[in-house]
Amino acid sequence: MSGRRFHVLLGPDGAGKSSVMEHLAERLPKWRLISTDDAFVAPEHALIPRLRRELHECLLPGLGAAYSVDFLASVLQTAVVHLRDQVRDSDPRVPVLMDSYYYKILAKCRLAGAQDSRMYSWWRSFPQPSGVVFLDVSPGAAWRRRGDGTRLNALEYDGPDGGWADFERYQENLRKTLLEEVRALPVTMLREQPDAGRAAEAVLEVLTA
């Protein structure tokens with residue numbers, strides 16, 4: 001796996017990565033795009049989106065009561081290993097763009113309070129990308145894209161209520177933690193874009209430079 005080259009698209013919540021990936025799927029037909037979003041998961045990996053739905057519908061509402069943060073990290077690890085496997089099994093001749101890799105999951109686990117350093121060390125031992133494209137967004141814009149806070153989940157804000165202040169604080173900490181995780185890698189920072197189409201154009205320019 002050491003010879004495989006791939007790029008990672010990264011950014012805070014509300015940056016528009018999923019929409020950008022959908023745009024790029026049409027613009028980069030010779031690339032392989034990897035994500036845990038339904039549109040990019042093969043039928044034989046149907047368990048991945050099913051686990052994602054169960055996490056949002058069952059686990060997150062019970063986090064801290066029915067389920068511990070360590071249990072949360074264990075479930076999220078299934079996505080991390082799946083993404084690693086997709087890199088491992090990809091054709092080395094085909095360029096790859098991956099949505100977030102393990103970086104965002106690790107950051108969210110850290111912010112949730114999961115302290116398993118052995119698990120994090122294992123994730124960090126996975127193959128590293130040749131480049132990271134960081135799609136930036138302000139907390140204010142992300143808040144509006146989340147319906148002014150009406151479409152948040154428990155891993156997008158800090159505190160019990162999910163108000164604007166809780167969201168802003170969490171997103172600032174998330175951005176900082178993400179950049180810490182990729183500080184040793186070549187990172188291209190893209191400023192906030194007005195829509196997914198413009199963001200996709202900016203990412204495309206980086207990938208094809």
Side-chain angles (χ1 to χ4, degrees), residues 1 4-63 65-109 111-112 114 116 119-120 122-129 132-133 135 145-147 151-156 174 178 181 196 199-200 203 207:
M1 293 178 64
R4 298 182 188 273
R5 293 175 58 83
F6 62 101
H7 284 74
V8 169
L9 181 64
L10 195 60
D13 298 324
K17 296 183 304 302
S18 295
S19 297
V20 167
M21 292 284 284
E22 292 176 3
H23 278 270
L24 291 176
E26 300 176 359
R27 302 292 301 277
L28 294 172
K30 295 184 179 180
W31 284 60
R32 184 180 180 201
L33 275 60
I34 298 175
S35 171
T36 58
D37 287 348
D38 290 12
F40 298 98
V41 177
E44 62 267 27
H45 299 135
L47 178 60
I48 300 302
R50 192 182 312 156
L51 286 172
R52 182 173 178 171
R53 287 191 293 272
E54 292 292 339
L55 181 142
H56 284 277
E57 294 173 7
C58 301
L59 199 164
L60 291 184
L63 185 62
Y67 302 104
S68 69
V69 293
D70 288 338
F71 186 85
L72 168 70
S74 298
V75 173
L76 287 173
Q77 181 167 242
T78 60
V80 171
V81 176
H82 170 72
L83 293 172
R84 183 212 60 179
D85 290 350
Q86 296 312 293
V87 173
R88 180 194 63 191
D89 297 337
S90 63
D91 186 336
R93 298 167 296 181
V94 177
V96 168
L97 176 65
M98 183 184 294
D99 182 358
S100 299
Y101 201 13
Y102 67 82
Y103 304 121
K104 192 169 184 181
I105 293 175
L106 195 157
K108 284 183 175 281
C109 286
L111 293 176
D116 193 340
M119 179 179 65
Y120 296 156
W122 185 45
W123 296 358
R124 289 169 177 145
S125 73
F126 291 174
Q128 297 299 298
V132 174
V133 183
L135 189 58
R145 294 174 184 180
R146 288 292 193 265
R151 298 195 299 271
L152 300 181
N153 66 62
L155 292 182
E156 294 182 335
L174 176 62
L178 289 173
E181 285 297 329
V203 174
L207 295 178

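The model shown is predicted, which means the values in this text are computed figures rather than measured ones.
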Using every non-hydrogen atom in the two residues, find where [X] and [Y] come nearest and quote the distance to one decimal.
{"X": "Ala25", "Y": "Phe40", "answer": "CB-CE2, 4.1 Å"}
{"X": "Leu24", "Y": "Ala200", "answer": "CD2-O, 3.7 Å"}
{"X": "Lys30", "Y": "Val94", "answer": "O-CG1, 3.5 Å"}
{"X": "His56", "Y": "Leu60", "answer": "ND1-CD1, 3.8 Å"}
{"X": "Leu76", "Y": "Cys109", "answer": "CD1-SG, 3.8 Å"}
{"X": "Ala199", "Y": "Leu135", "answer": "CB-CD1, 4.1 Å"}

message: Strictly by side-chain hydrogen bond (donor to acceptor under 3.5 Å, both in side chains), give each pair with a member in residues 6-19 just once, sequence neighbours left out.
response: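 Passing the test, one end in residues 6-19: Asp13-Lys104, Asp13-Lys108, Asp13-Gln171, Ser18-Asp37.
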Say you draw a straight line from [atom1] of [X] to [atom2] of [Y]; how long is it, rounded to the nearest 0.5 Å?
{"X": "Ile48", "Y": "Leu83", "atom1": "CD1", "atom2": "CG", "result": "8.0 Å"}
{"X": "Leu55", "Y": "Thr36", "atom1": "CG", "atom2": "OG1", "result": "10.5 Å"}
{"X": "Leu9", "Y": "Asp99", "atom1": "CG", "atom2": "CG", "result": "6.0 Å"}
{"X": "Leu152", "Y": "Arg146", "atom1": "CG", "atom2": "CZ", "result": "7.0 Å"}
{"X": "His82", "Y": "Arg84", "atom1": "NE2", "atom2": "CZ", "result": "11.5 Å"}
{"X": "Glu54", "Y": "Leu47", "atom1": "CD", "atom2": "CG", "result": "10.0 Å"}

- prompt: Taking the side chain as C-beta and beyond, is there a heavy-atom pair between Pro127 and Phe6 under 4.5 Å?
  reply: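 In short, these two side chains touch, coming nearer than 4.5 Å.
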- prompt: Considering only heavy atoms from C-beta outward, does the side chain of Asp116 approach that of Trp122 to under 4.5 Å?
  reply: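 SC-SC contact between Asp116 and Trp122 ruled out.
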- prompt: Under the salt bridge (charged side-chain N to carboxylate O under 4.0 Å, His left out) rule, what pairs show up with a residue in residues 66-82, not counting sequence neighbours?
  reply: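 Applying salt bridge (charged side-chain N to carboxylate O under 4.0 Å, His left out) to every pair that reaches into residues 66-82, excluding sequence neighbours, yields nothing.
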field: Flag, side chain of Gln128 to backbone of Phe126, donor-acceptor distance under 3.5 Å
entry: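 Confirmed, Gln128 side chain pairs with Phe126 backbone.
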query: Does Gly14 offer a backbone N or O that forms a donor-acceptor pair with the side chain of Arg145 under 3.5 Å?
result: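 Flag set: sc Arg145 to bb Gly14 pair under 3.5 Å.
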List for me each residue that meets salt bridge (charged side-chain N to carboxylate O under 4.0 Å, His left out) alongside [X], sequence neighbours excluded, and say none if there are none.
{"X": "Glu181", "value": "Arg110, Arg124"}
{"X": "Arg27", "value": "Glu201"}
{"X": "Arg151", "value": "none"}
{"X": "Arg32", "value": "none"}

task: Classify the angle between the aromatic ring planes of Tyr103 and Tyr101 as parallel (below 30°), tilted (30 to 60°) or perpendicular (above 60°).
output: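 If you compare the ring of Tyr103 with that of Tyr101, the planes turn out perpendicular.
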